[in-house]
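This report refers to the structure that appears directly beneath it.
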Amino acid sequence: MMIVSDIRSAAKFKQTVLIIDDQPTVLDIHQAILKSLRPNLNIVTMTNPIEALKWAEHKQVDLIITDFSMAQMNGMEFVKAINQTKSSAIVPIIVITVLKDKSLHKALIASGATACLTKPVTASSLKKVADFLLYESKQFYNYQQIAIN
């Protein structure tokens with residue numbers, strides 16, 4: 001029987017990043033930034049956080065980047081909902097918001113977000129945080145494989 005960590009350690013494995021923002025232009029920008037960081041990433045973009053939740057329930061995701069202010073649900077609601085799904089409980093989440101309210105940022109982290117960035121996000125800051133979280137995600141699964149074997 002093959003387990004997820006076996007798939008993740010395969011030579012052709014590509015880490016998957018899910019980006020959610022209700023503005024297609026922002027999705028394109030964030031996708032381009034991440035592709036410049038790691039060209040072999042599998043990047044999935046969605047404009048609807050509810051559809052993203054349904055998709056992520058049944059897919060392998062290594063990093064989620066979500067906007068805070070969206071019509072269907074805000075970033076806090078999304079973080080709480082994604083962390084309630086069994087399969088997504090350990091996925092790092094970056095929330096991006098135009099709001100510079102430190103108490104909101106702390107609340108997002110307390111609700112399960114891994115990082116909170118303020119718009120406009122610079123390419124270098126998004127790359128730095130995403131690269132670190134993707135590295136940590138890979139290390140976590142490599143450790144899980146060692147612990148299972």
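For this chain, numbers begin at 1 and follow the sequence in order.
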Subject >> Chi angles and distances behind the side chain to side chain contact (heavy atoms under 4.5 Å, CB included) call for V44, V61 >> reply: CA-CA 9 Å; V44 176; V61 182; over 6 Å; no
**OP:** Apply the test side chain to side chain contact (heavy atoms under 4.5 Å, CB included) to residues I19 and L34: give CA-CA distance (whole Å), side-chain angles for both, the deciding distance (0.1 Å), then the verdict.
**Re:** CA-CA 10 Å; I19 307 173; L34 292 174; 3.7 Å; yes
Original post:
For V95 and L117, what are the C-alpha separation, side-chain angles and deciding distance, and is it a side chain to side chain contact (heavy atoms under 4.5 Å, CB included)?
Top reply: CA-CA 6 Å; V95 179; L117 301 175; over 6 Å; no
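Summarising the geometry, atom CD belonging to E77 is positioned 11.0 Å from atom CD belonging to Q72; distances are rounded to the nearest 0.5 Å. Between atom CD1 of residue I20 and atom CZ of residue F78 there is a gap of 3.5 Å, rounded to the nearest 0.5 Å. Between the OG atom in S36 and the CG atom in L126 there is a gap of 9.0 Å [rounded to 0.5 Å]. In this structure, the separation between CD1 on I64 and CD1 on I93 is 5.0 Å, given to the nearest 0.5 Å. Separating the CG atom in L104 from the SG atom in C116 is a distance of 6.0 Å, to the nearest 0.5 Å. Taken to the nearest 0.5 Å, the CZ atom of F68 stands 5.5 Å off from the CG atom of L108.
Under the 4.5 Å side-chain contact rule for hydrophobic residues, L41 and I96 share a cluster. Follow the hydrophobic side-chain contacts under 4.5 Å out from F132 and you never reach I109; the two are in separate clusters. Hydrophobic cluster membership is shared by L27 and V129, with clusters built from Ile, Leu, Val, Met, Phe, Trp and Tyr side chains linked at under 4.5 angstrom.
For K35, the NZ atom counts as densely surrounded, since its 6.0 Å shell holds more than 12 non-hydrogen atoms of other residues, nucleotides or ligands.
Among residue pairs with one or both ends in residues 98-117, those qualifying as side chain to side chain donor-acceptor pair (under 3.5 Å) are D101-S103; sequence neighbours excluded. Sequence neighbours left out, the pairs with a member in residues 113-127 that pass salt bridge (charged side-chain N to carboxylate O under 4.0 Å, His left out) are D21-K119, D67-K119.
Between I94 and L63 the shortest side-chain heavy-atom distance falls below 4.5 Å. Contact annotation: the side chain of V91 never approaches that of D62 to less than 4.5 Å [non-hydrogen atoms, C-beta and beyond]. Two residues are said to be in side-chain contact when any heavy atoms from C-beta on lie closer than 4.5 Å; I65 and L18 fail this criterion.
By the side-chain hydrogen bond (donor to acceptor under 3.5 Å, both in side chains) test, T118 pairs with no residue at all, sequence neighbours left out. By the side-chain contact (heavy atoms from CB on, under 4.5 Å) test, S124 is found to be paired with T122, residues two or more places apart in sequence or in another chain being considered. In terms of the salt bridge (Lys or Arg N to Asp or Glu O under 4.0 Å) criterion, D22 has no residue partners (sequence neighbours excluded). With sequence neighbours left out, I29 forms a side-chain contact (heavy atoms from CB on, under 4.5 Å) with T25, I33. Considering only residues two or more places apart in sequence or on other chains, D28 meets the side-chain hydrogen bond (donor to acceptor under 3.5 Å, both in side chains) condition with none of them.
Minimum heavy-atom separation, I82 to A56: CD1-CB, 3.6 Å.
Side-chain N or O atoms of Q15 include none that pairs as donor or acceptor with a backbone N or O of N42 at under 3.5 Å.
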Atom pairs and distances, side-chain donor-acceptor, residues 46-54, under 3.5 Å, sequence neighbours left out:
from : atom 1 : to  : atom 2 : distance (Å)
N48  : OD1    : I50 : N      : 2.8
N48  : OD1    : E51 : N      : 3.2

